[in-house]
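Excluded from the calculations below are hydrogen atoms, water molecules and symmetry mates; all remaining heavy atoms, backbone and side chain alike, are included. Each residue takes its place number in the sequence, starting with 1. Atoms within a ligand are numbered from 1 in the order they appear, just like the ligands themselves.
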Amino acid sequence: MWQSEVRVDLDAVRANVALLRTRTAAQIMAVVKSDGYGHGMVPCARAALEAGATWLGVATLGEALAVRAAGITAPMLSWLHAPGLDFAAGITANVDLSVSSRRSLDEIVAAATIVDRPARIHLKIDSGMGRGGAAPADWAALVEAAAKAQADGHVEIIGVWSHLASADDPDPSSVDRQLAAFTDGLDAAARLGVTPQLRHLANSAALLARPDTHFDLVRPGLAVYGLSPIAGNTFDLRPAMSVRARVALVKRVPAGQGVSYGQTYVTPRETTVALIPIGYADGVPRAASGVGPVALGGRTHTIAGRVCMDQFVLDVGDLPVQPGDVAVLFGGNAGDPHADEWAAVCDTINHEIVARMGSARVPRVYEGERGS
Ligand SMILES: *Cc1c(COP(=O)(O)O)cnc(C)c1O
(Lines give C-alpha, C1' and ligand atoms only; values in the text may rest on other atoms or scores of the structure.)
Protein backbone atom coordinates (compact mmCIF):
# COMPACT_ATOMS: atom_id res chain seq x y z
CA MET A 1 0.00 0.00 0.00
CA TRP A 2 1.37 3.41 -0.92
CA GLN A 3 1.21 6.46 1.30
CA SER A 4 2.27 9.17 -1.14
CA GLU A 5 3.31 9.03 -4.76
CA VAL A 6 4.29 10.99 -7.82
CA ARG A 7 2.44 9.41 -10.73
CA VAL A 8 3.75 10.03 -14.25
CA ASP A 9 1.63 9.26 -17.30
CA LEU A 10 3.97 8.39 -20.16
CA ASP A 11 1.05 8.32 -22.60
CA ALA A 12 0.59 12.01 -21.81
CA VAL A 13 4.29 12.59 -22.64
CA ARG A 14 3.79 10.77 -25.94
CA ALA A 15 0.63 12.74 -26.71
CA ASN A 16 2.36 16.03 -25.94
CA VAL A 17 5.30 15.25 -28.21
CA ALA A 18 2.89 14.19 -30.97
CA LEU A 19 1.01 17.46 -30.52
CA LEU A 20 4.23 19.49 -30.65
CA ARG A 21 5.19 17.73 -33.87
CA THR A 22 2.04 19.08 -35.51
CA ARG A 23 3.21 22.61 -34.71
CA THR A 24 6.61 22.53 -36.37
CA ALA A 25 8.49 21.16 -39.34
CA ALA A 26 11.70 21.19 -37.29
CA GLN A 27 13.15 18.19 -35.46
CA ILE A 28 12.25 17.93 -31.80
CA MET A 29 14.85 17.75 -29.04
CA ALA A 30 12.99 16.64 -25.91
CA VAL A 31 14.66 18.34 -22.94
CA VAL A 32 14.92 15.80 -20.12
CA LYS A 33 17.32 17.62 -17.79
CA SER A 34 16.82 17.67 -14.03
CA ASP A 35 15.38 14.16 -14.00
CA GLY A 36 12.91 15.06 -16.73
CA TYR A 37 11.65 18.11 -14.80
CA GLY A 38 10.94 15.74 -11.91
CA HIS A 39 9.11 13.21 -14.11
CA GLY A 40 11.97 10.71 -14.54
CA MET A 41 14.68 11.31 -17.11
CA VAL A 42 15.02 7.90 -18.72
CA PRO A 43 11.34 6.83 -18.97
CA CYS A 44 10.40 10.27 -20.31
CA ALA A 45 13.28 10.21 -22.79
CA ARG A 46 12.09 6.85 -24.10
CA ALA A 47 8.46 7.99 -24.32
CA ALA A 48 9.44 11.19 -26.16
CA LEU A 49 11.54 9.26 -28.67
CA GLU A 50 8.70 6.76 -29.20
CA ALA A 51 6.46 9.70 -30.09
CA GLY A 52 8.84 11.12 -32.68
CA ALA A 53 11.34 13.31 -30.88
CA THR A 54 14.70 12.71 -32.58
CA TRP A 55 17.01 14.43 -30.09
CA LEU A 56 17.40 14.63 -26.33
CA GLY A 57 18.67 17.64 -24.42
CA VAL A 58 20.22 17.69 -20.96
CA ALA A 59 22.09 20.27 -18.94
CA THR A 60 24.97 18.29 -17.47
CA LEU A 61 27.38 15.74 -18.83
CA GLY A 62 26.47 13.49 -15.90
CA GLU A 63 22.86 13.49 -17.04
CA ALA A 64 23.94 12.66 -20.59
CA LEU A 65 26.06 9.73 -19.43
CA ALA A 66 23.16 8.42 -17.32
CA VAL A 67 20.91 8.46 -20.41
CA ARG A 68 23.56 6.55 -22.35
CA ALA A 69 24.04 4.09 -19.48
CA ALA A 70 20.33 3.28 -19.80
CA GLY A 71 20.99 2.16 -23.37
CA ILE A 72 19.51 5.16 -25.18
CA THR A 73 21.51 5.92 -28.31
CA ALA A 74 19.54 8.86 -29.77
CA PRO A 75 21.45 12.06 -30.59
CA MET A 76 21.83 14.11 -27.42
CA LEU A 77 23.24 17.51 -26.48
CA SER A 78 24.53 18.56 -23.06
CA TRP A 79 25.15 22.25 -22.48
CA LEU A 80 26.28 23.15 -18.99
CA HIS A 81 29.84 22.19 -18.10
CA ALA A 82 32.31 23.38 -15.53
CA PRO A 83 35.97 22.84 -16.44
CA GLY A 84 37.65 19.56 -15.58
CA LEU A 85 34.83 17.17 -16.46
CA ASP A 86 35.45 13.87 -18.18
CA PHE A 87 34.79 15.15 -21.70
CA ALA A 88 36.59 12.10 -23.10
CA ALA A 89 33.81 9.95 -21.64
CA GLY A 90 31.24 12.23 -23.24
CA ILE A 91 32.90 12.06 -26.65
CA THR A 92 33.21 8.28 -26.41
CA ALA A 93 29.54 8.03 -25.44
CA ASN A 94 28.58 10.08 -28.50
CA VAL A 95 27.28 13.01 -26.50
CA ASP A 96 27.17 16.33 -28.37
CA LEU A 97 28.76 19.11 -26.30
CA SER A 98 27.85 22.77 -26.25
CA VAL A 99 30.76 25.19 -26.47
CA SER A 100 30.51 28.82 -25.37
CA SER A 101 34.17 29.77 -24.90
CA ARG A 102 37.68 29.26 -26.22
CA ARG A 103 38.60 27.75 -22.90
CA SER A 104 35.99 25.05 -23.13
CA LEU A 105 36.80 24.44 -26.81
CA ASP A 106 40.46 23.88 -25.90
CA GLU A 107 39.51 21.44 -23.17
CA ILE A 108 37.22 19.48 -25.50
CA VAL A 109 39.88 19.42 -28.23
CA ALA A 110 42.35 18.01 -25.70
CA ALA A 111 39.86 15.29 -24.74
CA ALA A 112 39.16 14.49 -28.40
CA THR A 113 42.88 14.10 -28.97
CA ILE A 114 43.14 11.62 -26.10
CA VAL A 115 40.29 9.44 -27.35
CA ASP A 116 41.41 9.97 -30.96
CA ARG A 117 37.97 10.84 -32.17
CA PRO A 118 36.35 14.15 -33.13
CA ALA A 119 34.01 15.71 -30.57
CA ARG A 120 30.57 16.67 -31.85
CA ILE A 121 30.00 20.27 -30.78
CA HIS A 122 27.31 22.95 -30.93
CA LEU A 123 28.63 26.51 -30.73
CA LYS A 124 26.49 28.71 -28.53
CA ILE A 125 26.10 32.45 -28.96
CA ASP A 126 24.54 34.71 -26.36
CA SER A 127 21.88 36.39 -28.48
CA GLY A 128 20.77 38.59 -25.59
CA MET A 129 19.78 36.47 -22.61
CA GLY A 130 23.00 37.31 -20.77
CA ARG A 131 23.43 33.80 -19.37
CA GLY A 132 25.29 31.08 -21.33
CA GLY A 133 26.82 31.45 -24.78
CA ALA A 134 29.67 33.46 -26.21
CA ALA A 135 29.26 37.23 -26.10
CA PRO A 136 28.77 38.61 -29.62
CA ALA A 137 32.13 40.36 -29.34
CA ASP A 138 33.85 36.99 -28.78
CA TRP A 139 31.83 35.08 -31.34
CA ALA A 140 33.97 35.38 -34.46
CA ALA A 141 37.11 34.30 -32.59
CA LEU A 142 35.29 31.27 -31.16
CA VAL A 143 33.93 30.27 -34.57
CA GLU A 144 37.37 30.66 -36.13
CA ALA A 145 39.02 28.54 -33.48
CA ALA A 146 36.31 25.88 -33.85
CA ALA A 147 36.69 25.92 -37.64
CA LYS A 148 40.41 25.32 -37.24
CA ALA A 149 39.78 22.49 -34.76
CA GLN A 150 37.37 21.02 -37.28
CA ALA A 151 39.94 21.24 -40.08
CA ASP A 152 42.41 19.50 -37.76
CA GLY A 153 39.93 16.66 -37.20
CA HIS A 154 39.37 17.34 -33.49
CA VAL A 155 35.76 18.48 -33.64
CA GLU A 156 32.74 18.30 -35.88
CA ILE A 157 30.60 21.46 -35.72
CA ILE A 158 27.08 20.00 -35.70
CA GLY A 159 25.13 23.01 -34.49
CA VAL A 160 24.99 26.72 -33.79
CA TRP A 161 22.48 27.69 -31.15
CA SER A 162 21.21 30.12 -28.57
CA HIS A 163 18.50 30.42 -25.92
CA LEU A 164 15.61 32.87 -25.50
CA ALA A 165 15.02 34.90 -22.34
CA SER A 166 11.38 35.93 -22.76
CA ALA A 167 9.63 33.75 -25.31
CA ASP A 168 6.60 33.57 -22.99
CA ASP A 169 6.20 37.36 -23.02
CA PRO A 170 3.22 38.57 -25.07
CA ASP A 171 5.40 41.53 -26.09
CA PRO A 172 7.40 40.10 -29.05
CA SER A 173 10.22 42.64 -28.96
CA SER A 174 12.66 40.59 -26.87
CA VAL A 175 12.37 37.55 -29.15
CA ASP A 176 12.62 39.84 -32.18
CA ARG A 177 15.90 41.28 -30.91
CA GLN A 178 17.33 37.87 -30.01
CA LEU A 179 16.26 36.41 -33.35
CA ALA A 180 18.09 39.23 -35.15
CA ALA A 181 21.22 38.72 -33.02
CA PHE A 182 21.11 34.96 -33.63
CA THR A 183 20.76 35.48 -37.38
CA ASP A 184 23.73 37.86 -37.27
CA GLY A 185 25.71 35.16 -35.46
CA LEU A 186 24.78 32.59 -38.11
CA ASP A 187 25.78 35.00 -40.88
CA ALA A 188 29.11 35.71 -39.20
CA ALA A 189 29.74 31.97 -38.87
CA ALA A 190 28.87 31.45 -42.54
CA ARG A 191 31.36 34.14 -43.56
CA LEU A 192 33.98 32.13 -41.66
CA GLY A 193 32.95 29.00 -43.55
CA VAL A 194 30.87 27.43 -40.78
CA THR A 195 27.38 26.36 -41.91
CA PRO A 196 26.14 23.77 -39.40
CA GLN A 197 23.41 21.26 -40.20
CA LEU A 198 21.48 22.28 -37.07
CA ARG A 199 20.55 25.81 -36.03
CA HIS A 200 18.40 25.95 -32.92
CA LEU A 201 16.87 28.59 -30.69
CA ALA A 202 13.31 27.78 -29.57
CA ASN A 203 12.16 26.49 -26.17
CA SER A 204 8.55 25.41 -25.46
CA ALA A 205 7.17 28.94 -25.54
CA ALA A 206 8.84 29.81 -28.83
CA LEU A 207 7.86 26.46 -30.32
CA LEU A 208 4.21 27.23 -29.52
CA ALA A 209 4.16 30.96 -30.18
CA ARG A 210 6.96 31.88 -32.59
CA PRO A 211 7.28 29.65 -35.68
CA ASP A 212 9.89 32.07 -37.04
CA THR A 213 12.32 30.83 -34.35
CA HIS A 214 12.14 27.12 -35.21
CA PHE A 215 15.09 26.77 -37.64
CA ASP A 216 16.16 23.10 -37.89
CA LEU A 217 15.49 21.91 -34.34
CA VAL A 218 13.35 23.01 -31.38
CA ARG A 219 14.07 22.28 -27.71
CA PRO A 220 10.83 21.93 -25.72
CA GLY A 221 11.02 20.88 -22.08
CA LEU A 222 7.98 22.06 -20.16
CA ALA A 223 5.48 21.32 -22.94
CA VAL A 224 6.71 17.71 -23.22
CA TYR A 225 5.44 17.24 -19.66
CA GLY A 226 2.09 18.79 -20.53
CA LEU A 227 2.45 22.19 -18.91
CA SER A 228 2.03 25.40 -20.82
CA PRO A 229 4.72 28.07 -20.86
CA ILE A 230 2.13 30.71 -21.71
CA ALA A 231 -0.42 31.67 -19.07
CA GLY A 232 -4.03 31.36 -20.16
CA ASN A 233 -3.44 28.92 -23.03
CA THR A 234 -3.10 25.16 -22.44
CA PHE A 235 -2.50 24.41 -26.14
CA ASP A 236 -4.33 21.11 -25.37
CA LEU A 237 -1.26 19.77 -23.59
CA ARG A 238 -1.84 16.99 -21.03
CA PRO A 239 -0.13 17.29 -17.64
CA ALA A 240 1.89 14.11 -17.12
CA MET A 241 2.42 14.38 -13.35
CA SER A 242 -0.06 13.76 -10.54
CA VAL A 243 0.95 14.06 -6.89
CA ARG A 244 -1.19 12.18 -4.41
CA ALA A 245 -1.15 11.14 -0.76
CA ARG A 246 -3.49 9.07 1.39
CA VAL A 247 -5.10 10.56 4.46
CA ALA A 248 -3.21 9.35 7.53
CA LEU A 249 -5.59 10.56 10.25
CA VAL A 250 -9.00 12.18 10.52
CA LYS A 251 -10.43 13.81 13.64
CA ARG A 252 -13.12 16.20 14.81
CA VAL A 253 -11.80 19.33 16.49
CA PRO A 254 -13.66 22.22 18.12
CA ALA A 255 -13.94 25.80 16.90
CA GLY A 256 -10.85 27.82 17.78
CA GLN A 257 -8.36 24.95 17.28
CA GLY A 258 -5.00 26.22 16.01
CA VAL A 259 -3.53 24.02 13.29
CA SER A 260 0.11 23.10 12.53
CA TYR A 261 3.33 25.01 13.38
CA GLY A 262 2.74 28.57 14.46
CA GLN A 263 -1.00 27.96 14.55
CA THR A 264 -1.46 30.27 11.59
CA TYR A 265 -4.82 28.64 10.86
CA VAL A 266 -7.56 28.51 13.49
CA THR A 267 -10.73 26.50 12.87
CA PRO A 268 -13.71 28.86 12.52
CA ARG A 269 -16.17 26.19 13.80
CA GLU A 270 -16.24 22.57 14.88
CA THR A 271 -14.87 20.66 11.93
CA THR A 272 -13.01 17.61 10.61
CA VAL A 273 -9.30 17.91 9.91
CA ALA A 274 -7.39 15.44 7.73
CA LEU A 275 -3.65 14.81 7.97
CA ILE A 276 -1.91 14.47 4.60
CA PRO A 277 1.48 12.71 4.79
CA ILE A 278 3.61 14.65 2.31
CA GLY A 279 5.61 17.78 3.06
CA TYR A 280 8.28 20.19 2.03
CA ALA A 281 11.02 17.56 2.16
CA ASP A 282 9.05 15.81 -0.59
CA GLY A 283 8.84 18.92 -2.75
CA VAL A 284 5.58 20.45 -1.53
CA PRO A 285 6.56 24.13 -1.37
CA ARG A 286 6.40 25.54 2.14
CA ALA A 287 5.20 28.67 0.38
CA ALA A 288 1.94 26.74 -0.21
CA SER A 289 1.15 27.10 3.52
CA GLY A 290 -2.37 28.47 3.81
CA VAL A 291 -2.79 28.76 0.03
CA GLY A 292 -2.11 25.43 -1.75
CA PRO A 293 -5.17 23.76 -3.35
CA VAL A 294 -5.72 20.03 -2.62
CA ALA A 295 -8.61 17.87 -3.83
CA LEU A 296 -10.12 15.47 -1.29
CA GLY A 297 -13.59 13.99 -0.90
CA GLY A 298 -14.89 15.57 -4.10
CA ARG A 299 -13.88 19.13 -3.21
CA THR A 300 -10.83 21.31 -3.44
CA HIS A 301 -9.56 22.58 -0.08
CA THR A 302 -6.88 25.09 0.79
CA ILE A 303 -4.03 23.83 2.98
CA ALA A 304 -4.82 24.74 6.60
CA GLY A 305 -1.80 26.37 8.19
CA ARG A 306 1.82 25.57 7.52
CA VAL A 307 3.24 22.86 5.30
CA CYS A 308 5.63 20.82 7.50
CA MET A 309 8.61 18.71 6.47
CA ASP A 310 6.53 15.52 6.22
CA GLN A 311 2.88 16.51 6.33
CA PHE A 312 0.17 19.14 6.25
CA VAL A 313 -3.47 19.45 7.34
CA LEU A 314 -6.72 20.06 5.47
CA ASP A 315 -9.89 21.38 7.08
CA VAL A 316 -12.57 19.35 5.29
CA GLY A 317 -15.58 20.67 7.23
CA ASP A 318 -18.25 18.02 7.61
CA LEU A 319 -17.24 15.93 4.59
CA PRO A 320 -17.18 12.19 5.36
CA VAL A 321 -13.43 11.85 4.70
CA GLN A 322 -11.83 8.61 5.93
CA PRO A 323 -8.24 7.56 6.64
CA GLY A 324 -6.82 6.11 3.43
CA ASP A 325 -8.80 8.41 1.15
CA VAL A 326 -6.68 9.87 -1.64
CA ALA A 327 -5.83 13.57 -1.66
CA VAL A 328 -4.63 15.00 -4.98
CA LEU A 329 -2.26 17.98 -4.83
CA PHE A 330 -2.26 18.39 -8.58
CA GLY A 331 -2.71 16.25 -11.64
CA GLY A 332 -4.13 15.89 -15.09
CA ASN A 333 -7.61 14.53 -14.41
CA ALA A 334 -10.83 16.53 -14.32
CA GLY A 335 -11.28 17.97 -10.84
CA ASP A 336 -7.59 17.81 -9.96
CA PRO A 337 -5.92 21.07 -9.01
CA HIS A 338 -3.43 22.12 -11.70
CA ALA A 339 0.32 22.68 -11.27
CA ASP A 340 -0.34 26.17 -12.68
CA GLU A 341 -2.55 26.97 -9.67
CA TRP A 342 0.21 25.84 -7.32
CA ALA A 343 2.68 28.03 -9.20
CA ALA A 344 0.35 31.02 -8.93
CA VAL A 345 -0.27 30.74 -5.19
CA CYS A 346 3.41 30.03 -4.48
CA ASP A 347 4.55 32.97 -6.60
CA THR A 348 6.67 30.79 -8.87
CA ILE A 349 6.47 29.07 -12.27
CA ASN A 350 5.01 25.65 -13.10
CA HIS A 351 8.50 24.39 -14.05
CA GLU A 352 9.59 24.72 -10.43
CA ILE A 353 6.47 23.08 -9.00
CA VAL A 354 7.03 19.84 -10.93
CA ALA A 355 10.84 19.85 -11.01
CA ARG A 356 11.14 19.89 -7.21
CA MET A 357 8.45 17.27 -6.59
CA GLY A 358 9.42 13.89 -5.18
CA SER A 359 11.91 12.48 -2.71
CA ALA A 360 13.58 9.22 -1.82
CA ARG A 361 10.57 8.24 0.25
CA VAL A 362 7.90 9.17 -2.29
CA PRO A 363 7.81 6.55 -5.03
CA ARG A 364 7.51 7.67 -8.62
CA VAL A 365 5.05 5.42 -10.43
CA TYR A 366 4.75 5.24 -14.21
CA GLU A 367 1.61 4.69 -16.23
CA GLY A 368 1.83 3.72 -19.89
CA GLU A 369 5.29 2.19 -19.68
CA ARG A 370 6.15 0.03 -22.68
CA GLY A 371 8.61 -2.86 -22.71
CA SER A 372 12.02 -1.48 -23.65
C1 LIG B 1 15.59 24.09 -20.06
C2 LIG B 1 15.98 24.48 -21.42
C3 LIG B 1 15.11 24.32 -22.51
C4 LIG B 1 13.66 23.93 -22.35
O5 LIG B 1 12.95 25.05 -21.88
P6 LIG B 1 11.35 24.99 -21.65
O7 LIG B 1 10.98 26.38 -21.33
O8 LIG B 1 11.12 24.06 -20.51
O9 LIG B 1 10.77 24.47 -22.91
C10 LIG B 1 15.60 24.57 -23.78
N11 LIG B 1 16.88 24.97 -23.96
C12 LIG B 1 17.72 25.17 -22.94
C13 LIG B 1 19.10 25.65 -23.19
C14 LIG B 1 17.31 24.95 -21.64
O15 LIG B 1 18.15 25.16 -20.61
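Distance check, rounded to the nearest 0.5 Å: NZ of Lys124 to OG of Ser162 gives 6.5 Å. Atoms CG and CZ, on Leu207 and Phe235 in that order, are 9.0 Å from each other to the nearest 0.5 Å.
The protein heavy-atom contact nearest to atom 9 (O) of ligand 1 is Ser204 OG, 2.5 Å. For atom 2 (C) of ligand 1, the nearest protein heavy atom (residue, atom name, distance) is Lys33 NZ, 2.6 Å. For atom 13 (C) of ligand 1, the closest non-hydrogen atom of the protein is Trp161 CZ3, 3.4 Å. Among all non-hydrogen protein atoms, the one lying nearest atom 5 (O) of ligand 1 is Tyr37 OH, 3.5 Å.
Close to ligand 1: Pro220, with a non-hydrogen atom less than 4.0 angstrom away. Residue contacts with ligand 1: His200 is excluded, as none of its non-hydrogen atoms falls under 4.0 Å. Distances shorter than 4.0 angstrom occur between a heavy atom of His351 and an atom of ligand 1.
The proximity of Arg131 to ligand 1, defined as any non-hydrogen pair under 4.0 Å, is limited to the side chain. Residue contacts with ligand 1 for Tyr225 are absent, since no atom lies close enough (heavy atoms, distance under 4.0 Å). With a 4.0 Å heavy-atom cut-off, ligand 1 is reached by the backbone of Arg219 and by its side chain too.
Two residues are said to be in side-chain contact when any heavy atoms from C-beta on lie closer than 4.5 Å; Leu222 and Tyr37 meet this criterion. Contact check for Asp315 versus Val259: no side-chain heavy atoms found under the 4.5 Å cut-off.
Here is the list of ligand 1 atoms found below 4.0 Å of a heavy atom in Leu222: 6 (P), 8 (O), 9 (O).
Here the side chain of Ser242 pairs no donor or acceptor atom with the backbone of Gly331 at under 3.5 angstrom.
Between Gly221 and ligand 1, at least one N/O pair is under 3.5 Å apart.
Taking the centre and axis of the six-membered ring of Trp2, the NZ or CZ atom of Arg246 falls inside the cone set by 45° and 6.0 Å.
For the residue pair His122 / Ser98, no side-chain donor-acceptor distance below 3.5 Å is found, with atom types taken as modelled.
The pair Arg103-Asp106 does not meet the salt-bridge criterion, since no charged nitrogen lies less than 4.0 angstrom from a carboxylate oxygen.
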